[in-house]
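The block underneath contains the structure these notes are about, expressed in structure tokens.
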Amino acid sequence: MAEKKPTLPTAYHPKEAEEKWYDYWLEGGYFQAGKHPEREPFTIVIPPPNVTGNLHIGHALDNTIQDILIRWKRMEGFDALWLPGMDHAGIATQARVEARLREEGTTRHELGREKFLEKVWEWKEHYAQIIRNQWRKLGLSLDYSRERFTMDEGLSEAVRQVFVRLYQKGLIYRGKYIINWDPAAQTALSDIEVIHKEVEGKLYHMLYPLKDGSGHIRVATTRPETMLGDTAVAVHPDDERYRDLIGKTVILPVVNREIPIIADHYVDPEFGSGAVKITPAHDPNDFEMGLRHNLPQILVMDETGRMNTKAGPYKGLDRFKCRKQIVKDLQEAGVLIEIENHTHSVGHSERSGAVVEPYLSTQWFVRMKPLAEQAIRNAQSDQGVKFVPERFEKIYLHWIENIRDWCISRQLWWGHRIPAWYCEKCGEVIVATENPTECPKCGCCDLKQDEDVLDTWFSSGLWPFSTLGWPEETESFKRYYPTDVLVTGYDIIYFWVARMIFTALEFTDTKPFQDVLIHGLVRDSEGRKMSKSLGNGVDPMEVIDQYGADAMRFMLSTGSTPGNDVRFHWERVEAARNFANKIWNASRFALMHLEGVKAQDISLEGPLSTADRWILHRLNETVEHVTSRLSRYDLGDAGQVLYHFIWNELCDWYIEFAKLPLYGEDEAAKQSTRSVLAYVLDQSLRLLHPFMPFITEEIWQHLPVEGDSITIAKWPSSRAAFADSKAVHDMEVLIETIRSVRNIRAEMDVPPKKQIDLLIRSDNETLSAFQDNEAAICRLCGVNRLQVGPSIDRPDRSMTAVVTGAEIFLPLEGLIDIDQTISRLEGELKKLDKEVERVEKKLANQGFIQKAPAHIVDEERKKGQEYRDKREKVRNRLKELKGE
RNA sequence: GGACGGUUAGCUCAGUUGGGAGAGCACCUGCCUUACAAGCAGGGGGUCGCAGGUUCGAGCCCUGCACCGUCCA
């Protein structure tokens, strides 16, 4: 039990509170799942951040959303598990470590595989610690006892199992195909790791001479250097222009190789000259055509993107330098006859940014069709994963419906080694979960494991179940799987979400999560994507340092709607910080008046004031509203409703009303006000806790409440006894009245401290609201003499205003400005005329009366009556004023 | 080329079965009022991108168009 102090210091210091309470939570073990086996589990697995470096503001958004959900569910009484972990991030991490090595004047090849991996593991440990510390700063309620890493022993075992089972099922194969090659990272990539960008390039038109000397055939290409690997020229079989040339031979310029002219339906006669050069080793379409026509595949580049020996005189040149050189040479030879500007799409590596080279290479692939079909069937059934917002399901489905085989081997060292071995003697391929010692075919013991590792996403695709112990049928797996909700950005739906779904369906026979909550990106204040090159990134740690974690969390979570991007504005963080401070000061006020009050002293039974009953009613509605919005993942709306309730209702009105009894002499009233204040504050803090965990704990620990921590306090529920429509009506009238008086005072330049008289003539219905709250009205309007009654006479020379159910008079001797009063009332009259006209027009419409729902019509009638009443009073006042 | 998202107050954005246009920030005026100047009180500000349609009634539903953005090919 934390020590409970009666009062708070005058200013809120986020840093101290954050450190203190995070330690307290960890010591109390509040984030550890499994302590209450009788409770229903609720599970989220964190999208594992890469161990490449620090968390960015996008992680802060993603993690805050999850923390809000998990803290809410924990308070609702679930056995809440939020499982932390990190991703080894093959290419990215290896690239970072290699860059470090370069600075140190060495390379991974000099170090050797084993030594290099030791370095990477050191790197990983270093950054894992940084990331854990950042999670702590964000206030995340993660169960650290279950932290996982994609290259843990258990997760690696899962990877092997999946690989082997897919292989045995014929869903993994090895073969020589055109893949996307990243010459900078020197590895193969999958299709989605290639970013297509529109680039202004050139289209080069060349003439290939016919061997028989009868002329030329014209071809065009954007990559002239690939001509060195051409093994044919293709035309459409029905193309009249070239019919006679099919079967003839052309001489490939520069290299002087003879290649055939072939016919293939794939060629588009409309594009360019209608004849295309075919390079089977450097273009996916040419590759397919090459297979159909048995063409040789000539690879003219090496892994670094430089021309190889097959490129003859260009050997050793970088591909782009070679392009320049070959263009020059071809021009001189008169072969290159035209260079046209041409905008086309060029693939770039998602990681290194290098231009991706379509490249013939032997790689491992996952056969996607059967897996995709399973996923599509699941999506079409009522067992499908629910996407929030829904539209992302279409995006996911479209991708999975058009999916191609997945290249999973990477020419890296950092990652899961492919569990395949090759027999040096007979060439047999052995795929196994356990390292084999001899070849099952020939018995030879000289086996060599595949050098390559798997795509990082191959292991992250197993994350929801591998982290819970799969393939073992562990207790955790049985209890917490499938998980409840996955929270992630729309940018990794294909990379990650889709892959988790189809692997889960294949290996666990169920979807990996019930719901997927998709959020957008955090952009800079101008809407640009944050990037290192622009230098417009915002470091979440800096935000926390300046404004506190609660402020940042509140800003991020309430600033967006599901699926949409959020712009980062420092002013909005500041506004959130101000909100925290508002709560802080309201709580200071409350605690000043709660000295000596204990939890058991709190009773809501006593006679309650209008304001008491009103705030309890509003609390009820707020509880319902916040809870229902959270359950729909509408965190932004939930947060804003809370903001409004706490600031504009609890602070602006309730506390102001409460000051009267709290500073007064009536002990009974004082006691009940204290109880209501303590209760409403306690409940409000609970509702706010998922959004602002630190400040709510700090304050809550000072309140007269039972319990060790707000993190495990019970989530509020609405109480039927608090429903009180009379209190709502009365309070609305009081607020309207007080505002009217303040408004007149401001308009008449009555000094704030000057006490004035006020008379209220009220209908019987509303009379009690005024009578019961005379002291409050006086206090909040600066009134020293107040008269309330059904038949109050209007004093001469007084300002007047009309409110719902009442007329108010302010005798302001010496201050009266008749003209100003008249113009104000005339403005009011104009507004009311418009309203009455609008309502009457609506009610005169037979269509509306007949077709609109009865309660809507009734409401309109009621409104119309109110407007007419009010208008009548305004008219009378004006008549009197003008008659004077 | 296909699909999706956006267009609402000066700025950033809410607006959920279609039923009297909202918030925060910014702006103007007055206040150190015994929780809070990171505050309090009062105030101004919008033909909801354009054009049609459905409906008693459209910011919301339908069609077309314009501009901005994203994804896919």
Side-chain angles (χ1 to χ4, degrees), chain A residues 7-8 10-12 191-192 195-196 345 389 391-392 394-399 401-402 490-491 493-494 520-521 523 525-529 547-548 551 555 558-561 563-593 628-629 632 634 636-637 639-641 643-644 647-648 650-652 655-656 658-659 662-663 677 738-753 779-782 834-835 838-839 841-853 855-857 859-860 863-864 867:
Chain A
T7 54
L8 297 173
T10 49
Y12 174 54
D191 293 338
I192 51 177
I195 300 168
H196 296 274
S345 171
R391 64 188 150 92
F392 288 106
K394 267 186 276 177
I395 291 173
Y396 154 77
L397 262 180
H398 179 260
W399 184 72
E401 280 164 356
N402 294 284
Y490 57 67
D491 51 332
I493 292 177
Y494 304 147
L521 272 35
R523 296 175 173 275
S525 59
E526 292 166 47
R528 297 173 305 183
K529 212 165 161 173
Y547 292 96
M555 177 267 166
T558 58
S560 65
T561 35
N564 292 329
D565 290 347
V566 49
R567 291 193 192 191
F568 186 93
H569 294 276
W570 284 99
E571 307 86 75
R572 294 200 44 228
V573 185
E574 201 177 315
R577 188 272 315 262
N578 293 350
F579 178 48
N581 200 57
K582 186 73 182 176
I583 298 158
W584 182 257
N585 281 296
S587 304
R588 280 183 55 225
F589 169 81
L591 288 164
M592 280 168 53
H593 294 279
S628 82
R629 295 308 148 114
R632 270 187 263 162
D634 200 346
D637 193 70
Q640 278 170 26
V641 163
Y643 180 99
H644 183 266
W647 197 314
N648 303 110
L650 181 58
C651 292
D652 287 352
I655 286 181
E656 292 308 317
K659 281 176 180 172
L662 289 175
Y663 286 120
L677 184 57
I738 292 163
R739 285 212 168 114
S740 294
V741 175
R742 286 170 172 174
N743 176 290
I744 291 171
R745 289 185 63 126
E747 276 187 11
M748 302 301 298
D749 284 328
V750 179
K753 279 179 178 158
R779 183 191 161 79
L780 296 175
C781 297
K834 243 172 96 181
E835 293 294 349
R838 188 187 58 75
V839 173
K841 202 171 150 193
K842 210 165 182 179
L843 290 169
N845 184 335
Q846 282 306 305
F848 177 70
I849 301 293
Q850 282 160 17
K851 293 184 183 173
H855 71 276
I856 297 286
V857 178
E859 251 171 60
E860 285 300 317
K863 275 187 265 178
Y867 289 135

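We name chains A, B, ... by the order of the sequence lines, and we start the count at 1 in each one.
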Side chain of [X]: nearest nucleotide among [options]?
X	options	result
Y494(A)	A73(B), G43(B), C72(B)	C72(B)
D637(A)	A38(B), C36(B), A14(B)	A14(B)
R742(A)	A41(B), A14(B), U70(B)	A41(B)
K842(A)	C40(B), U12(B), G19(B)	G19(B)
D652(A)	C31(B), G24(B), A41(B)	A41(B)
R523(A)	U70(B), G19(B), G24(B)	U70(B)
T561(A)	G15(B), C4(B), C40(B)	G15(B)
F848(A)	G19(B), C25(B), G42(B)	G19(B)
R391(A)	C25(B), G5(B), A14(B)	G5(B)
K582(A)	C36(B), G42(B), C13(B)	C36(B)

At under 4.0 Å between heavy atoms, what does [X] touch on the DNA or RNA strands: base, sugar-phosphate, or nothing?
X	answer
R577(A)	base
I395(A)	nothing
N402(A)	nothing

Rounded distance in Å between the C1' positions of U7(B) and C48(B):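 So the two C1' atoms sit 10 Å from each other.
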Taking OP1 and OP2 of [N], is either one under 4.0 Å from a side-chain nitrogen or oxygen of [X]?
X	N	answer
N585(A)	G39(B)	no
N564(A)	A14(B)	yes
R745(A)	A41(B)	no

Does L780(A) reach the side chain of E656(A), with side-chain heavy atoms less than 4.5 Å apart?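 The answer is yes; the side chains approach within 4.5 Å.
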Return whichever of A852(A) or N648(A) has its heavy-atom-nearest nucleotide of RNA chain B closer to the 5' end.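 First, find each residue's nearest nucleotide; the 5'-ward one identifies A852(A).
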